[in-house]
Amino acid sequence: EATGPTIVAGEILVEIMASERGLGFLEPLALTGPYPSGAPAIFIDQVAKLGGGAGIIACVGRDDFGAINLERLRRDGVDVSAVSVSDRYPTGSAFVRYRPDGGRDFVYNIAESAAGRITLTDAARRLADGAGHLHVMGSALSIAGLKEIVAYALKSVRARGGSTSFDPNVRKELIDGADGAHFSALVDGADLLLPSGDELLAAAGVEDEGQAVAALIARGVGEVVLKRGAAGSTRFGADGSRTDCPGFLVEEVDPTGAGDCFGATYLTCRRLGIESGKALLYANAAGALNVTRLGPMEGLAGFDALDRFIAGTDRAGTDRAV
Ligand code: ATP
Ligand code: MG
């Protein structure tokens, strides 16, 4: 196993939220933000918070939205040498409003923002050539330049004995045609797959959870960790083992970022040599703690904070967590 940092590529955004629930943005309303965001950014910041080596390939605008993101990533220890700064395009953004039923409406500016301008720069090549692990976010694959970056980094990391992980993070409806082939190539041979909900079935192309896991393991996937929101998560090993981890009982304030934070925590624990059951507990704690804070990156936590949270929080159907 290569020892270099974990790297990721994709969108850095600011997130701006409606302060009250409702339907969409069709009338003036109170907003709060900007908060640093973007699935790859949330993920890599959490890797750094846990003390893992971390780097990101991305692009922001030369504006305040870019500055708050770069400051946060730097402060937490992420290598931002491969983040380019566009003079022409503004930093990407996401406006989000929660519906009364907990669903979400988004207005995104990604494709026509700096985030849509990510390319395979010399700095990106350098970061990839020193990396020990590549994490790929399905959400980032809609960015035109990402395929070339992922292909380059995948080859470089694997050639040096490094590992890979993949969070499909995309709806079943979007997996078709040429993207389907690319998607399959990322699933094949991933050391760790991090689907949520029916992304597991979509990734395997079958309709049953057990069959899906078996099919993925047969395709060379090392382990599958399924995210189940408030219900917790399940880890499936290549040896046929299954471990369920009930969710921690918390009050959900803002669900955005839980999955990214969860995945980063599981992966980083594993890369640090922590066994799978303990890694799963830490990941559940990180996801649960994250949803108690407003802002996708405001609830990210290092090991000390996670240990305190685990010691002080109950899980569904269990006695106090150990
Ligand atoms: P997103 O893509 O919106 O970031 P996701 O669908 O990838 O999220 P979730 O399953 O929502 O991921 O959340 C990841 C993990 O975080 C869950 O498996 C669980 O451990 C924890 N978690 C999420 N929401 C809650 C909650 N309301 N209560 C307790 N734990 C939660
Ligand atoms: Mg997800």
Side-chain angles (χ1 to χ4, degrees), residues 8 10-11 13 15 17 35-47 94 96-99 101-106 108 135-142 165-172 174 192-203 209 223-236 242-269 276-301 306 309-310 312-318 321:
V8 73
E11 71 280 10
L13 311 175
E15 190 152 315
M17 298 119 155
Y35 289 101
S37 189
I42 300 166
F43 181 95
I44 207 65
D45 203 65
Q46 176 64 7
V47 172
V96 60
R97 186 174 191 189
Y98 293 97
R99 294 196 198 133
D101 69 0
R104 283 175 274 186
D105 291 309
F106 286 100
Y108 284 115
H135 177 72
V136 181
M137 280 286 174
S139 64
L141 296 176
S142 59
S165 50
F166 183 40
D167 182 338
N169 206 9
V170 67
R171 289 177 196 288
K172 195 170 182 165
L174 299 178
L192 169 63
L193 202 63
L194 290 154
S196 66
D198 63 5
E199 291 167 355
L200 171 66
L201 306 178
E209 200 170 285
E223 51 183 330
V224 178
V225 179
L226 180 64
K227 294 168 275 179
R228 301 182 190 276
S233 62
T234 304
R235 185 239 182 209
F236 302 91
R242 171 187 174 130
T243 313
D244 290 297
C245 188
F248 285 92
L249 297 171
V250 294
E251 194 197 333
E252 185 176 292
V253 173
D254 177 8
T256 305
D260 311 321
C261 175
F262 173 99
T265 304
Y266 186 80
L267 172 75
T268 303
C269 285
S276 60
K278 183 84 186 179
L280 198 61
L281 184 66
Y282 272 126
N284 274 262
L289 182 55
N290 193 53
V291 305
T292 65
R293 304 275 194 285
L294 194 63
M297 281 165 67
E298 308 313 305
L300 302 184
L306 292 180
F309 177 83
I310 290 168
T313 315
D314 289 326
R315 286 187 292 159
T318 63

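Every number for a ligand or one of its atoms is a count from 1 in the order of the listing.
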Distance-only N or O hit between ligand 1 and Ser233, under 3.5 Å
no
So is there a nitrogen or oxygen of Ser196 less than 3.5 Å from a nitrogen or oxygen in ligand 1?
yes
With heavy-atom distances below 4.0 Å as the criterion, list the atoms of ligand 1 near Gly287.
16 (O), 21 (C)
Can you name the atoms of ligand 1, numbered from 1 with element, that are less than 4.0 Å from a heavy atom of Gly259?
1 (P), 4 (O), 5 (P), 7 (O), 8 (O), 12 (O), 13 (O), 14 (C)
Has Glu252 got a side-chain atom pairing as donor or acceptor with Thr292's backbone, closer than 3.5 angstrom?
no
Can you find an N or O of Gly232 that's nearer than 3.5 Å to an N or O of ligand 1?
yes
Side-chain heavy-atom pair Phe43, Leu267 within 4.5 angstrom cut-off:
yes
Identify, by atom number and element, the atoms of ligand 1 in contact range of Glu252, meaning under 4.0 Å from any of its heavy atoms.
24 (N), 26 (C), 27 (N)
Is there at least one pair of N or O atoms, one from Gly247 and one from ligand 1, spaced under 3.5 Å apart?
no
Numbered in order shown, the ligand 1 atoms found under 4.0 Å of a heavy atom of Arg228 are 10 (O), 18 (O)
To atom 13 (O) of ligand 1, the nearest of Ala258, Pro195, Ala288 on a heavy-atom basis is Ala258
Identified side chain to side chain contact (heavy atoms under 4.5 Å, CB included) counterpart of Arg315 within the set Leu281, Leu249, Ile310, Val250:
Leu281
So if I count the atoms of ligand 1 from 1 in the order they appear, which ones are less than 4.0 Å from some heavy atom of Gly257?
4 (O)
Ligand 1 contact on Asn169 by region, counting heavy-atom pairs under 4.0 Å:
side chain
Tell me whether Thr256 reaches ligand 1 (any heavy atom closer than 4.0 angstrom to a ligand atom).
no
Residue pair Ala39 / Asn169: nearest heavy atoms and the distance that separates them:
CB-ND2, 4.0 Å
Ligand-side contact atoms (ligand 1) for residue partner Val250, heavy atom cut-off under 4.0 Å:
28 (N), 29 (C)
Heavy-atom check, side chain of Val47 versus side chain of Val8, under 4.5 Å:
no
Quick one, Lys227 and Asp167 - any side-chain contact, counting heavy atoms below 4.5 Å?
yes
Does the distance from a Lys or Arg side-chain N to an Asp or Glu carboxylate O, for Glu15 and Arg104, drop under 4.0 Å?
no
Would you mind telling me if ligand 1 is within reach of the side chain of Arg104, the backbone, both or neither, using heavy atoms under 4.0 Å?
side chain
Could you tell me whether Val291 approaches ligand 1 through its side chain, its backbone, both or neither, with non-hydrogen atoms closer than 4.0 Å?
side chain
Flag the pair Val225 / Phe262 as yes when at least one side-chain heavy-atom distance between them is below 4.5 Å, and no otherwise.
yes
Quick one: do the Glu11 and Tyr108 side chains pair a donor with an acceptor below 3.5 Å?
no
Does any N or O of ligand 1 fall below 3.5 Å from an N or O anywhere on Phe262, backbone included?
no
Is the backbone of Gly295 close enough, under 3.5 Å, to the side chain of Asp254 for a donor and an acceptor to pair up by distance?
yes
Are Tyr266 and Ser276 close enough that some pair of their side-chain heavy atoms sits under 4.5 Å apart?
yes
Any heavy atom of Lys227 under 4.0 Å from ligand 1? The part involved is both
By number and element, which atoms of ligand 1 are closer than 4.0 Å to a non-hydrogen atom of Phe248?
28 (N), 29 (C)
